Amino acid sequence: MQYGILLWPHMNNRYQDAIKPLGLSELSLVLGDADVAPRHESIAGVDAICFESALSPDEIIPKLADLAHLYLLLQMNADGSFIPLSSGRSPYLGADLPSVLKYKGKTNEVFTHYLINMALYASAFADAPVRLKLIDPMCGRATALFDAVNRGWDAFGADLDRADIHEADVFFKRYLTFHKFKHTTKEMSMTLKGKRSLLRKQFRFANAPEAFKAGDMPELSLICADAADALSAFPRKSFHLAVMDLPYGVQHSAATRGKPESVEKLLSRVLPALRESLLPGGAVAISFNVHNLPLTQARALLSDAGFDVMQGGAFDGLSHW
């Protein structure tokens, strides 16, 4: 059966062009089927990816429901007509949650969704019947965390910038209150080596009163801390997935004793702790500026930290603007 995917539109033409190869890689990874042969086409002047699959519409809809670049899934008929099938899975809280909070340096929420998908489908947990746990140790104002909780997962984030963590905390509390989602908040202390401690702000919430009453509630936790410190505060093998959108410029640089820290040094400190924090079969997806950190060097740093770097097929050709 022939299917088409209308791609999520972007106002910037350069970004819109970049979506095309990323959309192909995402679809190939999710389906994992060599016979799919996805291709770019234009449907009524709109960018699309078309492909063939033996899966029926009832089977393909849930499989592609979480595609980041899915605007509308279509069944393509031989006579040139098409049937709209799905625009994606309903979010746990609200579709606007990752996009409402605007700030300088924010990663586009569609790309953030894509980054999480690349980690998910590279891991052993894409179809796991459990609530996944995701960590972003450089979370900024929590775009990745908000995407994760919209999937019904537990989300944990850390950032050195106290203002960013505060903004994320205040915004999420207001969001839950405004939309009348039942929730609880809690502050707790996490102990580091040397008897230092970190403050952890925890939200537990539910999208229905029955779930709240039953205690079936995802968690979102925020920590103001260096990424390596935050990771070491959790027990080993705590998380299924991790994502990191690495600093692009000076304004985002982590600092050691007041001096900017290079991305290489930052990764060399953080990656071993991240490797220890992931469950067997877990995966991390990292976005980085190749002008600051060449791809070969990024792969070497990951390998040195004990990761198996994914290459070939859907994992090649991931450069974007």
Side-chain angles (χ1 to χ4, degrees), residues 4-32 36 38-42 46-51 64 66-72 88 98-99 102-123 134 136-148 241-253 263-264 266-267 271 283-302 307 309-321:
I5 295 174
L6 296 186
L7 298 175
W8 196 270
H10 201 292
M11 296 301 292
N12 185 305
N13 287 335
R14 177 181 283 179
Y15 295 163
Q16 185 66 41
D17 288 340
I19 283 173
K20 297 176 184 179
L22 297 185
L24 283 177
S25 67
E26 183 183 30
L27 178 63
S28 299
L29 187 59
V30 171
L31 287 177
V36 169
R39 61 195 181 277
H40 287 297
E41 289 192 12
S42 176
V46 178
D47 287 335
I49 296 175
C50 295
F51 64 98
L64 303 185
D66 289 321
L67 282 180
H69 300 109
L70 171 65
Y71 189 66
L72 186 64
S99 60
K102 305 294 186 184
Y103 54 95
K104 185 177 181 180
K106 176 186 175 75
T107 304
N108 176 275
E109 56 274 8
V110 175
F111 178 75
T112 298
H113 191 107
Y114 168 81
L115 195 63
I116 294 174
N117 278 353
M118 294 303 284
L120 174 63
Y121 289 98
S123 78
L134 174 141
D136 181 351
M138 303 179 202
C139 70
R141 299 189 193 178
T143 303
L145 309 189
F146 296 148
D147 186 286
L241 305 171
V243 294
M244 292 193 296
D245 184 26
L246 296 186
Y248 293 152
V250 175
Q251 71 271 24
H252 295 299
S253 293
V263 176
E264 296 94 326
L266 178 63
L267 278 180
L271 288 178
V284 55
I286 302 174
S287 174
F288 56 95
N289 186 346
V290 293
H291 296 294
N292 296 338
L293 179 67
L295 176 59
T296 53
Q297 191 170 357
R299 285 174 168 167
L301 288 166
L302 284 159
F307 287 95
V309 181
M310 308 301 289
Q311 298 184 56
F315 298 102
D316 285 349
L318 298 182
S319 60
H320 63 92
W321 283 100

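Treat the numbers as computed from the prediction; the structure is a model and nothing was measured. Sequence positions, counted from 1, serve as the residue numbers for this chain.
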Using every non-hydrogen atom in the two residues, find where A68 and N117 come nearest and quote the distance to one decimal. N-ND2, 3.5 Å
Measure the spacing between CG of N108 and OG1 of T143 and express it to the nearest 0.5 Å. 9.0 Å
Residue list, ring pair (Phe, Tyr, Trp, His ring centres under 6.0 Å) with H69, at least two apart or on another chain: Y114
Beyond-backbone contact of M118 with M310, side-chain heavy atoms, under 4.5 angstrom: no
Considering only residues two or more places apart or on different chains, which pairs with a residue in residues 107-123 satisfy salt bridge (Lys or Arg N to Asp or Glu O under 4.0 Å)? none
Rounded to the nearest 0.5 angstrom, the CG-CG distance for L120 and D66 is 8.0 Å
Tightest non-hydrogen contact, residues A119 and L241, listed as O-CD2, 3.6 Å
Who are the side chain to side chain contact (heavy atoms under 4.5 Å, CB included) partners of A144, not counting sequence neighbours? T112, I116, D136, V243
For the backbone of L22 and the side chain of S25, can you confirm whether one donor and one acceptor N or O come within less than 3.5 Å of each other? yes
Under the rule for side chain to side chain contact (heavy atoms under 4.5 Å, CB included), what residues qualify as partners of P294, not counting sequence neighbours? T296, Q297
Do L145 and L134 have side-chain heavy atoms sitting under 4.5 Å apart? yes
Scan for salt bridge (Lys or Arg N to Asp or Glu O under 4.0 Å) pairs involving residues 110-120, sequence neighbours excluded, and state none if there are none. none
Rounded to the nearest 0.5 Å, how far does CE of M138 lie from CG of D245? 10.0 Å
Please test L302 against L267 for side chain to side chain contact (heavy atoms under 4.5 Å, CB included), starting from the C-alpha separation and ending with a verdict. CA-CA 8 Å; L302 284 159; L267 278 180; over 6 Å; no
In the structure I gave you, are the side-chain heavy atoms of N289 and L246 within less than 4.5 Å of one another anywhere? no
Does some side-chain heavy atom of F288 sit less than 4.5 Å from a side-chain heavy atom of L295? yes
To the nearest 0.5 angstrom, please state how far the CG atom of L27 sits from the CD1 atom of I5. 4.5 Å
Nearest 0.5 Å, what's the CZ-CG distance between F307 and L301? 11.5 Å
Closest non-hydrogen atoms of A283 and S123, given as atom of the first, atom of the second and distance, are CB-CB, 3.8 Å
Close side-chain approach of L271 and M244, heavy atoms under 4.5 Å: yes
Considering all heavy atoms, the nearest E41-C50 contact: OE1-SG, 3.6 Å
Residue set satisfying side chain to side chain contact (heavy atoms under 4.5 Å, CB included) with D17, at least two apart, ordered chain then number -> K20
For a quick test of reading the model, state the closest non-hydrogen atom pair linking R141 to F146 and the distance between them. O-CE1, 3.5 Å
Salt bridge (charged side-chain N to carboxylate O under 4.0 Å, His left out) partners for E264, two or more places apart: none
List in chain and number order the residues that pass side-chain hydrogen bond (donor to acceptor under 3.5 Å, both in side chains) with D147, two or more places apart in sequence or in another chain; answer none if no residue qualifies. H113, R151
Side chain to side chain contact (heavy atoms under 4.5 Å, CB included) with Y71: which residues, sequence neighbours excluded? L6, W8, P9
Identify the heavy atoms of P21 and H40 that sit nearest to each other, and give their distance. N-NE2, 4.0 Å
By ring pair (Phe, Tyr, Trp, His ring centres under 6.0 Å) - contacts of Y103 (at least two apart): none
Do V110 and I19 come close enough that some side-chain heavy atom pair is under 4.5 Å? no
